[in-house]
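What follows is one structure encoded as structure tokens, with my remarks underneath.
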Amino acid sequence: MSTDDIDAEFARLTQGLDLGEDQPLTAEDVLGEDGEQPIAVIATSVASAQALAGAVRLGREARTDGIDIPAGTRTLDSDTGAIAVGALAEALAHDLAAITSTALQRNGVVLFWRRGDRMTATRYRDGERGEDVSPAIVLGAVADVVEELLLGARALADLEEGHDPAALTRAQALEWIASGKKKRK
């Protein structure tokens, strides 16, 4: 099957879906040039994944540009602070980083993004994109799971379910931020 055939089939399957994109997605946008899914990891200093999910949910409300939490985003605990992860195209990864850093205001975050052989690290603060930095320089300051995900030693599917910030109500988000505790089952 050629790339054109795959793109046509993908377009047919996603016809009518509003993904908030100015341009239609192609199979390459989702899987990458080499068939590999892109991955986004946002490293934060937030104490728990639950609190980060609440903050991201409220960060979306604080934005006036209409960007939304990308589908497939989840927050997870790590040794160095909660992380937000997802198999996100580059533009959506930057949207998530902007939302997250809006919520966390003065506390900066780092967006790591990889697809195939391309890996980037970008700082965000107060909802604004900062400088791009060498991923090798900042990877030493984050949990091993971030590096494992970015190097392909671990897959998103291997991680726990985590928390979906888009599924929270405003009241839940406020409660989760205030408690900072793990969700009771």
Side-chain angles (χ1 to χ4, degrees), residues 17-21 30 37-115 120-130 132-133 135 138-139 141-143 145-146 149-150 154-185:
L17 290 177
D18 180 12
L19 302 175
E21 299 275 328
V30 175
Q37 279 191 330
I39 183 160
V41 180
I42 298 174
T44 75
S45 59
V46 175
S48 75
Q50 191 173 8
L52 179 58
V56 170
R57 167 61 175 79
L58 295 180
R60 181 191 68 198
E61 285 185 19
R63 304 239 2 141
T64 59
D65 54 10
I67 62 173
D68 206 354
I69 300 167
T73 298
R74 64 186 194 229
T75 62
L76 304 163
D77 289 310
S78 87
D79 297 338
T80 57
I83 58 175
V85 299
L88 306 176
E90 190 171 18
L92 293 175
H94 283 282
D95 286 351
L96 179 59
I99 290 169
T100 304
S101 68
T102 296
L104 300 178
Q105 298 177 353
R106 293 177 302 278
N107 294 332
V109 302
V110 177
L111 163 64
F112 295 95
W113 185 81
R114 179 188 58 85
R115 182 171 79 181
T120 62
T122 307
R123 296 178 192 264
Y124 274 81
R125 183 179 299 274
D126 288 324
E128 298 295 323
R129 184 177 180 160
D132 289 339
V133 294
V138 289
L139 273 174
V142 296
V145 68
V146 175
L149 287 167
L150 293 170
R154 202 167 194 185
L156 283 174
D158 297 336
L159 301 176
E160 63 187 81
E161 187 176 316
H163 304 285
D164 178 358
L168 298 177
T169 65
R170 180 172 172 62
Q172 285 173 315
L174 290 167
E175 180 182 326
W176 283 17
I177 292 169
S179 72
K181 297 178 184 173
K182 293 186 180 191
K183 184 178 177 184
R184 293 186 185 127
K185 296 193 181 211

Quick one: salt bridge (Lys or Arg N to Asp or Glu O under 4.0 Å) pairs with a partner in residues 154-166, sequence neighbours left out?
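Those involving residues 154-166 are Glu148-Arg154.
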Test: salt bridge (Lys or Arg N to Asp or Glu O under 4.0 Å). Region: residues 78-88. Which pairs qualify, not counting sequence neighbours?
none
For [range], pull every pair meeting ring pair (Phe, Tyr, Trp, His ring centres under 6.0 Å), keeping only residues two or more places apart or in separate chains.
range: residues 66-86; value: none
range: residues 50-78; value: none
range: residues 72-107; value: His94-Tyr124

Pairing residues for [X] by the side-chain hydrogen bond (donor to acceptor under 3.5 Å, both in side chains) criterion, not counting sequence neighbours:
X: Asp68; answer: Arg60
X: Thr120; answer: none
X: Thr169; answer: Gln172
X: Thr102; answer: Arg63

Do the side chains of [Y] and [X] get nearer than 4.5 Å, heavy atoms only?
X: Arg74; Y: Leu156; result: yes
X: Thr100; Y: Leu52; result: yes
X: Val56; Y: Leu96; result: yes
X: Ile39; Y: Val85; result: no
X: Phe112; Y: Leu149; result: no
X: Pro165; Y: Thr73; result: yes
X: Val46; Y: Thr75; result: no
X: Leu88; Y: Pro38; result: no

Got a sec, which residues hit salt bridge (Lys or Arg N to Asp or Glu O under 4.0 Å) with Glu61, two or more places apart in sequence or on another chain?
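Residues passing salt bridge (Lys or Arg N to Asp or Glu O under 4.0 Å) with Glu61: Arg57, Arg170.
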Residues forming a salt bridge (Lys or Arg N to Asp or Glu O under 4.0 Å) with Arg123, sequence neighbours excluded
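Scan of Arg123 (salt bridge (Lys or Arg N to Asp or Glu O under 4.0 Å), adjacent residues dropped) gives Glu131.
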Sidechain-backbone polar pair: Thr122 side chain, Leu111 backbone, donor-acceptor under 3.5 Å:
no
So, taking the atom named CD1 in Ile177 and the one named OG in Ser48, what distance separates them when rounded to the nearest 0.5 Å?
9.5 Å
Return the set of residues passing side chain to side chain contact (heavy atoms under 4.5 Å, CB included) with Pro135 (not counting sequence neighbours), or none when no residue passes.
Met119, Ala121
Residue pair Leu159, Val145: steps toward the side-chain contact (heavy atoms from CB on, under 4.5 Å) verdict
CA-CA 9 Å; Leu159 301 176; Val145 68; 3.8 Å; yes
